[in-house]
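Convention: sequence-line order gives letters A, B, ...; per-chain numbering from 1. None of the values given here were measured: they were computed from a predicted structure.
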Amino acid sequence: MKTLTVHFTLNDAPQTLVTAAGRTLLEVLRQDFGLTGAKDACGGEGECGACTVLLDGEAVNACLVLIGQVEGRRVLTIEGLAPAGELHPIQAAFVAAGAIQCGFCTPGMVLATKALLDHTPHPDENEIRTALAGNLCRCTGYTKIVAAVQMAADKGQNER
Amino acid sequence: MNAETTLIGQPEIRKDAAAKADGAARYTADLALPNLTYATLLRSPHHHARICSIDTARARCLPGVIAVLTAADVPGARTFGMIPDQPVLAIDEVRHIGEPVVLVVAASLAAAKSAAAQVKITYEPLPAVLEPKPALAPGAPLVHPGGNLLAQFNVDSGDLNAGFAAATVILEEDFSVQRVTPGYMETENSLARVNADSSLSVWVSSQEPFIDRACIAAVLNLPAERIQVLSTVIGGAFGGKEDSSLAVLTAFAAWATHGTVRIVNDRRESFVAHPKRHPARIHLKLGAKKDGTLVALQGQVWMNTGAYASYGPAVGSLLTEMVTGPYHIPNVSIETQVVYTHTPYSGAMRGFGSPQAHFAIESALDMLAARLGLDAAELRRRNLLHQGDLLPTRVRVNETALGLERCLQEATAARERLRCIPATPGKVSGVGLALAMQSMGLGAKVPDTSSHRLEWLPDGRVLIHLGAPDLGQGLITVAEQITAEALELPFERVLTAPFDTRDVPDGGVTCASRMTYLVGNAMLAGAAGLKKQLLANGAALLQVPLDQLSYAHGELLLPGGRHYPASEFASRAAEAGQPLQAEAAATFPYPAETTPQHLPAGMPHVKFIFAAQVARVEVDPELGTVTVTDLVAIHDLGKVINRLTAEGQIEGGVSMGLGYALYEDMNLKANGQWVDSFTEYMLPTSRDMPTRLELHMLEYPEADGPFGAKGLAEITVVPTAPAIANAVYDAVNVRVKDLPITPEKLYAAVQ
């Protein structure tokens, strides 16, 4: 089997990984690094957004990124968003707004929100809904998720 | 019961939220265990076929392969289920696409999949029947030897012929609803380990871990005590995780290999191999007088239950009870047939028959109103169910229905408001409303109890040993809030133990909108028990007469103002090996004197929940697309326990109802394959939700509900689809009688 050596930054820590080619970033995060915040909910088809991570600050579906594609790039997962034991203001807003039920979509939602607010610190509701349209949630009907994003934005709480 | 409360109704923050937000929450598929191996399933590619041979020789020799298992390897019962018709692995025959046939266990998932590809199964395809009416025809291919009619339910009241004879208008219509998937984000999965003492630990993502344990015990021919079923965080369920298939398969794989095995259904497997909401055809004949008084209803329902029974019969019985909706109709005859077909099986899903029934009756009432020249809300008002009315099941409605009239009033007012909003240029707007009712509880003559245990921890906090899993909806939060209220403790001082059948009593299945009612009442009983224990313990330790002691806010009080925190006693009791604990159980009441006994087990239901929803839509007549711009949801909750979780239930239910109305359809494609991915099966996204969603939460107390609370989860989804269908009709004068209302259907009809 062909192997690859990949250098990348994962949650601010440099990594060198020797791995079989053809694996996805999602597999590597979950299996090799034990970072299970990114979920697989659609079978690796990029339909649900539950595996959303930030790649050089852009929200991507980790199930659609081959590990070779992260060479030289920065990967941020939900585990790296805030120091251990603390919540990032976006996470705190999701908690406070009641935007979390089963929670399976939450890490992806939070990171999609982070990408949105980094580009657009004060989005209107339409921009929020559009930014989250690739992240499915079956529990909440999105209402409180949209409210959480608004809450985080209103407080200007997205300092990087 | 509505005395001053401090915590009830408050938007307390669920305690698992932070861990879910920062990625620390571990769902079953996230658990890491040493020596983990992986299994994958080979599934049937046929609707119906005979298995001629299975050749596993080549697969067994591949690197990393630990076992290749077939039905012949199952040590105990080879089938399971409420009606045990479902094979663990197919026996001689497959009855639907996706049915598991061979289980491959290997050191890695990749090795398991490679090996599975080398298993040779030869099939002889057999004629298949995919729809209920053909399945009931003479000579139809049989799904099971006993015939394709799995169950039939009849509910009759009054004199149907006399009723129709008295009618001035008779409406006769056919409705159909589609197969939908629960669509929880976390697919079914399980993890099982054979322990050093030959016991078995099984982690499940399930609504019914005690039933899973019983099924595993039967399949492995083991005593239930040897099996520990655990549950960690669950990523949604909505009824679809009332199914033991993955738990059984994973336990079997671990047992057969003496190892630790994980199975995770991928999304495509989840579509074809786990319960769906039943597709159904509903024929309604409705008779009314000129003034709109409903005098007769005849209903005939065909439910496509698929290849295995699952909870199909129970869904059929409740659907039958719900066909008349929240209306008083004196002469009724309803017949429901639950029919086996060679399709992925249907079973429990949020609403449990009620969404199907309400799409039909609530659409039909609007059609009848148009026929009579009456306002649709006024027609409903004239026939509304009231306290004292007899349901077709001969249950006399009690004060459970007091909130219904107000639901209709608020819906009518909301409709008038929404009608004033002008349509976006190029679009046509319409407003529609629908009412709904939903039962609480499992129905009469079946065990409907929920048992739990409360414990004073040595530090004075209270631990709930909750006997049924939280599915993500917030059951734990509701239990903690009620317990904290009852013991006058801060919310933070009540917590809940992880679910483990070795620790918790049997709380039954988390289902049927029964948990707030049952768990809430159980917590009240348990809290009273804990107080009693603390008082008795305190009296003995302090050597004071029991009647000198009182309890308040987690402390024992003596006359004269001395007070001792619960921890004083709880810590000593725990040290002595006798922690202060109290059983916390509740049973759903079906009083013999008021519960009709002429119906099968599981019928009738006696307590109900009511709601109304109003939808405003904009239709693009050139595209046939429907946008739901506004939705007003009016729900009688009896009493709000937690405002945030209650709102979350309604908002989530509305989105699921919107998907049911407009998008979701697990149908058979032209290529002979089921729609089995989110690429073709459209779940509502954030962009599909109404721009304005308004919630009205009414509180007409349920007489014996905890603080007056009713259930909530299921009814939230019920009125949405008919309200949208009625709004679409209002907009473009087109009545779509088969869900979902797709642009194709609407465009064709509008043209």
Side-chain angles (χ1 to χ4, degrees), chain A residues 20 30-31 34-48 50 77-82 84-88 90-107 110 125-126 128-146, chain B residues 11 13-14 16-27 29-32 110 182-187 233-238 264 266-270 471-474 642-645 647-656 658-659 677-679 683-689 691 693:
Chain A
R30 290 183 58 88
Q31 293 163 15
L35 297 173
T36 56
K39 309 294 186 195
D40 176 0
C42 67
E45 298 185 350
E47 289 288 343
C48 73
T77 73
I78 193 71
E79 292 87 351
L81 186 58
E86 290 176 33
L87 292 182
H88 184 278
I90 295 171
Q91 292 168 320
F94 270 67
V95 170
I100 299 169
Q101 289 190 33
C102 91
F104 210 75
C105 73
T106 307
V110 166
E125 187 179 327
N126 191 38
I128 296 172
R129 287 175 181 240
T130 302
L132 299 182
N135 292 72
L136 297 176
C137 169
R138 190 57 152 172
C139 296
T140 67
Y142 307 99
T143 308
K144 293 199 186 318
I145 292 174
V146 172
Chain B
I13 300 296
R14 49 190 303 154
D16 60 0
K20 286 174 171 175
D22 72 10
R26 290 278 180 275
Y27 299 71
D30 301 332
L31 298 176
Y184 29 72
M185 288 295 105
E186 180 208 26
T187 56
V233 187
I234 295 178
F238 312 116
V264 181
D266 68 22
R267 182 57 64 181
R268 288 177 190 272
E269 293 177 291
S270 176
L471 314 174
Q473 85 280 41
N642 182 306
R643 187 156 297 278
L644 278 179
T645 57
E647 289 172 355
Q649 282 301 301
I650 301 172
E651 290 157 358
V654 165
S655 77
M656 204 178 268
L658 193 149
S677 81
F678 290 150
T679 312
L683 286 187
T685 72
S686 49
R687 287 180 60 81
D688 301 316
M689 285 298 283
T691 312
L693 173 56

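Under the 4.0 Å criterion applied to side-chain N and carboxylate O atoms, B/Asp30 and A/Arg30 are assigned as salt-bridge partners. The residues A/Lys144 and B/Glu647 are annotated as salt-bridged, a charged nitrogen and a carboxylate oxygen being separated by less than 4.0 angstrom. In summary, A/Lys39 and B/Glu186 do not engage in a salt bridge, as defined by a charged side-chain N under 4.0 Å from a carboxylate O.
Residue A/Arg138 is tested with B/Pro182, B/Pro684, B/Ser655 for a side-chain contact (heavy atoms from CB on, under 4.5 Å); the sole match is B/Pro684.
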Yes or no on side-chain contact (heavy atoms from CB on, under 4.5 Å) for A/Asn126 and B/Arg687, after CA distance, side-chain angles and deciding distance? CA-CA 8 Å; A/Asn126 191 38; B/Arg687 287 180 60 81; 3.8 Å; yes
Take B/Tyr184 and A/Cys139, measure what side-chain contact (heavy atoms from CB on, under 4.5 Å) needs, and give me the verdict at the end. CA-CA 8 Å; B/Tyr184 29 72; A/Cys139 296; over 6 Å; no
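When heavy atoms are compared at a cutoff of 4.5 Å, A/Leu87 approaches chain B solely by way of its side chain, counted from C-beta outward. Of the two parts of B/Leu693, only the side chain, counted from C-beta on, holds a non-hydrogen atom closer than 4.5 Å to a non-hydrogen atom of chain A. Of the atoms belonging to B/Glu269, not a single heavy atom falls under 4.5 Å from chain A. With a 4.5 Å cut-off on non-hydrogen atoms, B/Val233 touches chain A through its side chain but not through its backbone. Heavy atoms of B/Phe678 lying under 4.5 Å from chain A belong to its backbone as well as its side chain. Of the atoms belonging to A/Ala84, not a single heavy atom falls under 4.5 Å from chain B. Within the 4.5 angstrom heavy-atom criterion, no atom of A/Gln31 approaches chain B. Residue B/Leu471 touches chain A through its backbone alone, counting heavy-atom pairs closer than 4.5 Å. Contact of A/Ala96 with chain B is made through the backbone alone, with heavy-atom distances under 4.5 Å. Within the 4.5 angstrom heavy-atom criterion, no atom of A/Ala82 approaches chain B. Contact of B/Ala237 with chain A is not made at all, since no heavy-atom distance falls under 4.5 Å. Heavy atoms closer than 4.5 Å to chain A are found in the backbone of B/Ala25, but not in its side chain. For A/Glu79, the parts lying under 4.5 angstrom from a heavy atom of chain B are both the backbone and the side chain. Of the two parts of B/Arg26, only the side chain, counted from C-beta on, holds a non-hydrogen atom closer than 4.5 Å to a non-hydrogen atom of chain A.
Among A/Thr106, A/Val110, A/Thr140, the residue making the largest number of heavy-atom pairs under 4.5 Å with chain B is A/Thr140. With chain B as partner, the option from A/Glu45, A/Arg129, A/Glu125, A/Glu47 having the largest number of non-hydrogen pairs under 4.5 angstrom is A/Arg129.
Going from atom CD of A/Gln101 over to atom CG of B/Asp16 covers 10.5 Å, rounded to the nearest 0.5 Å.
When all heavy atoms of A/Phe104 and B/Tyr27 are compared, the closest pair comes out as N-OH, 3.3 Å. A/Ile100 and B/Arg14 get closest at one heavy-atom pair: O-CD, 3.3 Å. Contact detail for B/Ala21 and A/Val95: the closest heavy-atom pair is CB-CG2, 4.0 Å. The shortest heavy-atom contact between A/Ala41 and B/Thr187 is O-CG2, 4.3 Å.
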